[in-house]
Every structure is written in C-alpha cells, then in structure tokens.
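The next block holds one structure in the form of structure tokens; read it before the comments.
Here, residue 1 is the first one in the sequence, and each next residue gets the next number. These numbers come from the heavy atoms of this one structure, side chains and all, not from hydrogens, waters or symmetry mates.
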Amino acid sequence: MDLLLATRNAHKMREFRELLGPGFDVIDLSSFPEIAIPEETGRTFEENATLKAIAASKQLPSLVITDDSGLEVEALGGAPGIFSARYAGENAGDVSNVDKLLRELRKQNIATEKRSARFRCVIALAQNGKVLGVF
C-alpha cells in the first residue's frame, strides 16, 4: 500500500518505515519539493497533525499520514508540549531545548525523583483533503 508521510525529516521517515513494515511503500515530501508543509498553528498535537495531513492530502492523491509530538512535563504544566522542537527558540537544537527544560525545572525546585514527563505523539491519516482518522 502506498503511503505519503508528510515530512522531510529523514529520521522520522526511517522510524515510520520500521514501524509500518514491508506492507507499506512509504515516501515522504522530499520527493515533492513544491509542496509546502503548513505552519503548525494549532493549539494541540491533534490540531497540528491534522493541519499537515489535510494540506498534503489536498495536493497528492495518496493516503497521507503525519504526526505531531513532543514532551509534556507535569511540573511545567505540560510544557514544552507542542513547542518541544522550538522550546528554546525557533531555530534551537536539542541541546538548547534540553538546557532550557532543565533550567525551568530547577526554578520549580522539585526533587528529581518527583519529576514526571511523557512523550505524546498524535498521528493523523487523510486522503483528498479529508481526515480519515486521528490516533
């Protein structure tokens, strides 16, 4: 089955291919440079995944899958959440994002063993501009 992963992230592409297995022929947007990935303007992971899936599925006839994901830290009220990739700034990398996260946790003065967090991932599946499912 053909499936378009609406990303240009090679690491994410590799992960999805491994997860889905040989029953899917997965391609990503690197094959379609003319297709823009919309800005993540949603307020939730679901809204952002849906925005991206719908936008790509309006331009290509195949099934489209996309995700939005991030880290939610309980002591920080769920932050960084949807801002995980750009927590320390728009062009920040992993090290800067982690450094900011640790600084924010130190401000909370919560013992290390009392800190809890989770990684949340929401996946949207779309075709012809319509969402078929959100997981």
Test side chain to side chain donor-acceptor pair (under 3.5 Å) applied to Glu104 - qualifying residues, sequence neighbours left out: Lys107
Pairwise salt bridge (Lys or Arg N to Asp or Glu O under 4.0 Å) hits with a residue in residues 28-40, at least two apart: Glu40-Lys52, Glu40-Arg86
Residue pair Leu29 / Leu4, side-chain heavy-atom distance below 4.5 Å: yes
Results of salt bridge (charged side-chain N to carboxylate O under 4.0 Å, His left out) for Arg103 - residues two or more places apart only: none
Within one Ile-Leu-Val-Met-Phe-Trp-Tyr cluster: Val26 and Val64, side-chain cutoff 4.5 Å: no
Qualifying residues under side chain to side chain contact (heavy atoms under 4.5 Å, CB included), relative to Leu51, sequence neighbours excluded: Thr41, Asn48
Residues in side chain to side chain donor-acceptor pair (under 3.5 Å) contact with Ser96, at least two apart in sequence or another chain: none
Contacts of type salt bridge (charged side-chain N to carboxylate O under 4.0 Å, His left out), residue Glu47, not counting sequence neighbours: none
Side-chain touch Leu3/Phe16, heavy atoms, less than 4.5 angstrom: no
Asp25 side-chain N/O to Met1 backbone N/O, donor-acceptor pair under 3.5 Å: no
Of all pairs that satisfy salt bridge (Lys or Arg N to Asp or Glu O under 4.0 Å), the ones with a partner from residues 87-98, not counting sequence neighbours: none
Shared-cluster residues of Phe119, by chain and number - hydrophobic side chains joined below 4.5 Å: none
Residue pair Glu74 / Ser116, side-chain donor-acceptor N/O under 3.5 Å: yes
Ile82: hydrophobic cluster co-members (side-chain, 4.5 Å): Phe45, Ile54, Phe83, Val122, Val131, Val134
Under 3.5 Å donor-acceptor, Asp67 side chain and Cys121 backbone: no
Side chain to side chain donor-acceptor pair (under 3.5 Å) partners for Arg120, two or more places apart: Glu72
Arg8 and Ile37, any side-chain heavy atoms less than 4.5 Å apart: yes
Side-chain heavy-atom pair Met13, Asn9 within 4.5 angstrom cut-off: no
Heavy-atom side-chain proximity of Leu60 to Ile35 below 4.5 angstrom: yes
Minimum-distance pair of heavy atoms, taken over all atoms of Gly129 and Lys58: CA-CG, 3.6 Å
Leu76 vs Leu101 side-chain heavy atoms within contact, under 4.5 Å: yes
Heavy-atom donor-acceptor pair, Ser84 side chain to Gly70 backbone, under 3.5 Å: no
Heavy-atom side-chain contact between Phe24 and Asp2 under 4.5 Å: no
Residue list, salt bridge (charged side-chain N to carboxylate O under 4.0 Å, His left out) with Glu15, at least two apart or on another chain: none
In one Ile/Leu/Val/Met/Phe/Trp/Tyr side-chain cluster, 4.5 Å: Leu125, Leu5: yes
Smallest separation among heavy atoms of Ala88 and Asn97, with atom names: N-OD1, 2.8 Å
Set of residues satisfying salt bridge (charged side-chain N to carboxylate O under 4.0 Å, His left out) with respect to Lys130, sequence neighbours excluded: none
